[in-house]
Structures are given as structure tokens and as C-alpha cells.
Amino acid sequence: MGAGLFVENPVSVTCFLRGAADAVPPRWSFGVLILDGRTLTWRSFYYCSRNRVTRLPSRLDVEQVREVRGAEKFKIKADLFRIVVCQSTSGRLELGLPALDVPLVRRAIQRDQGESFPVSG
């Protein structure tokens with residue numbers, strides 16, 4: 001999927017988010033990650049925070065993709081999700097994503113960095 005397609009049709013991915021980076025919740029929060037070909041933004045699912053849209057830091061570096069483990073399993077289904085650990089200039093953040101969406105989000109992170117990469121059809 002090219003960036004132009006995201007601009008015309010943004011994609012929303014179920015996403016748990018936590019971290020120490022600017023404007024990121026410190027504990028796992030449930031919401032959606034919006035991929036629009038330009039920015040990576042996250043919106044809380046919960047009504048009281050629904051209008052709050054958080055722009056993820058630019059220049060994210062993916063450190064690792066790992067399985068859900070330990071106490072995370074109380075909130076995130078280990079058989080369906082993976083954790084993408086990222087580092088930014090403002091701190092570390094973690095994305096809890098459906099396993100099937102991890103490659104898509106990794107490509108969006110690379111695109112946000114301005115890197116070139118192969119796009120599979």
C-alpha cells in the first residue's frame with residue numbers, strides 16, 4: 001500500500017499504547033492508530049478521552065517486536081497481539097497491535113521516517 005492510498009483512505013488499526021514519550025499514556029490505554037500516509041496518530045477508545053488525538057513522535061525506531069508477556073496478558077490477548085517497542089528522541093513507547101497488522105504499521109513507521117522501502121502488493 002502506497003502512502004497516497006493512505007491519504008485518500010486512512011486506515012485505523014486497533015492499538016494499545018503506553019510509554020514514556022511525550023503525550024503518550026504511561027499505562028496501557030486502548031484506542032486506534034490512524035495511518036494516513038503523513039503522520040501516525042492515536043485516539044483513545046474511551047469516551048472521556050475520545051476527542052484527544054495524540055500525534056506519535058516522528059523518527060520512531062522499532063527496537064523489537066515481541067510477544068505479550070507477564071501482567072500485560074490481563075489487558076492484551078497474547079494469542080492475537082504483538083508488542084512493537086519503539087524509541088524516539090522523547091522516549092520509549094510500546095504499541096500493542098493485532099499480529100496481522102504489525103507489518104503494515106512497521107511500514108507506516110518507516111514511511112514516517114522518510115525512508116524508502118519495498119511495498120508488497
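The chain is numbered in sequence order, starting from 1.
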J.: Show the nearest heavy-atom pair for residues Arg106 and Val65, with the distance to one decimal.
T.: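 Smallest interatomic distance, heavy atoms only, reads NH1-CG2, 3.6 Å.
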
J.: Starting at SG of Cys86, measure out to CZ of Arg59 and round the result to the nearest 0.5 Å.
T.: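 It is 13.5 Å, given to the nearest 0.5 Å.
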
J.: With no hydrogens and no angle check, just 3.5 Å: does a side-chain donor-acceptor pair link Ser88 and Ser90?
T.: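 Yes, side-chain donor-acceptor contact under 3.5 Å.
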
J.: Tell me, yes or no, whether the heavy-atom count around Glu67 atom CD, taken from other residues, nucleotides or ligands under 6.0 Å, exceeds 12.
T.: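 No, the 6.0 Å shell around CD holds no more than 12 heavy atoms from other groups.
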
J.: Given the rule that I, L, V, M, F, W and Y join up when any side-chain heavy atoms are under 4.5 Å apart, are Leu60 and Val32 in one cluster?
T.: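 Unlinked, Leu60 and Val32 end up in two clusters.
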
J.: Answer yes when Arg66 and Glu94 have at least one side-chain N-carboxylate O distance shorter than 4.0 Å, and no when they do not.
T.: yes

J.: Enumerate the ring pair (Phe, Tyr, Trp, His ring centres under 6.0 Å) contacts for residues 54-78, please, sequence neighbours excluded, ordered by first and then second residue.
T.: none

J.: With a 4.5 Å cut-off on side-chain heavy atoms, are Phe81 and Leu100 touching?
T.: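 Contact flag for Leu100/Phe81 side chains = no.
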
J.: Less than 4.5 Å apart, any side-chain heavy atom of Pro57 and any of Thr89?
T.: no

J.: Would Arg18 and Glu72 count as a salt bridge (charged side-chain N to carboxylate O under 4.0 Å, His left out) here? Give the steps.
T.: CA-CA 11 Å; Arg18 78 170 175 187; Glu72 295 170 337; 3.0 Å; yes

J.: Applying the 4.5 Å side-chain criterion to the ILVMFWY set and letting contacts propagate, would Leu104 and Ile34 be lumped into a single cluster?
T.: no

J.: Do Leu35 and Leu40 pass the side chain to side chain contact (heavy atoms under 4.5 Å, CB included) test, and can you show the C-alpha distance, the side-chain angles, and the key distance before you say yes or no?
T.: CA-CA 6 Å; Leu35 312 174; Leu40 300 172; 3.4 Å; yes

J.: Taking the side chain as everything from C-beta on, heavy atoms only, tell me whether Leu33 gets closer than 4.5 Å to Leu56.
T.: yes

J.: Output, in order, the C-alpha distance, side-chain angles, deciding distance and verdict of side chain to side chain contact (heavy atoms under 4.5 Å, CB included) for Thr14 and Phe30.
T.: CA-CA 8 Å; Thr14 298; Phe30 180 65; 3.2 Å; yes

J.: Given side chain to side chain contact (heavy atoms under 4.5 Å, CB included), test Val68 with Lys77 step by step and report yes or no.
T.: CA-CA 8 Å; Val68 176; Lys77 294 183 184 244; over 6 Å; no

J.: Just by distance, do the side chain of Trp42 and the backbone of Cys15 share a donor-acceptor pair under 3.5 Å?
T.: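 Side chain of Trp42 to backbone of Cys15, a donor-acceptor pair under 3.5 Å: yes, one is there.
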
J.: Do the non-hydrogen side-chain atoms of Val85 and Arg92 ever get within less than 4.5 Å of each other?
T.: yes

J.: State, yes or no, whether a side-chain contact exists between Leu80 and Pro98 at a heavy-atom distance under 4.5 Å.
T.: no

J.: CD1/Ile109 to OG/Ser58 distance, rounded to the nearest 0.5 angstrom?
T.: 12.0 Å

J.: First locate atom CG of Asp101, then atom CZ of Arg82, and finally report the distance between them rounded to the nearest 0.5 Å.
T.: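 Reported to 0.5 Å precision, the distance equals 12.0 Å.
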
J.: Quick one: do Thr41 and Asp36 satisfy side chain to side chain contact (heavy atoms under 4.5 Å, CB included)? Show the steps, please.
T.: CA-CA 9 Å; Thr41 54; Asp36 69 4; 5.5 Å; no

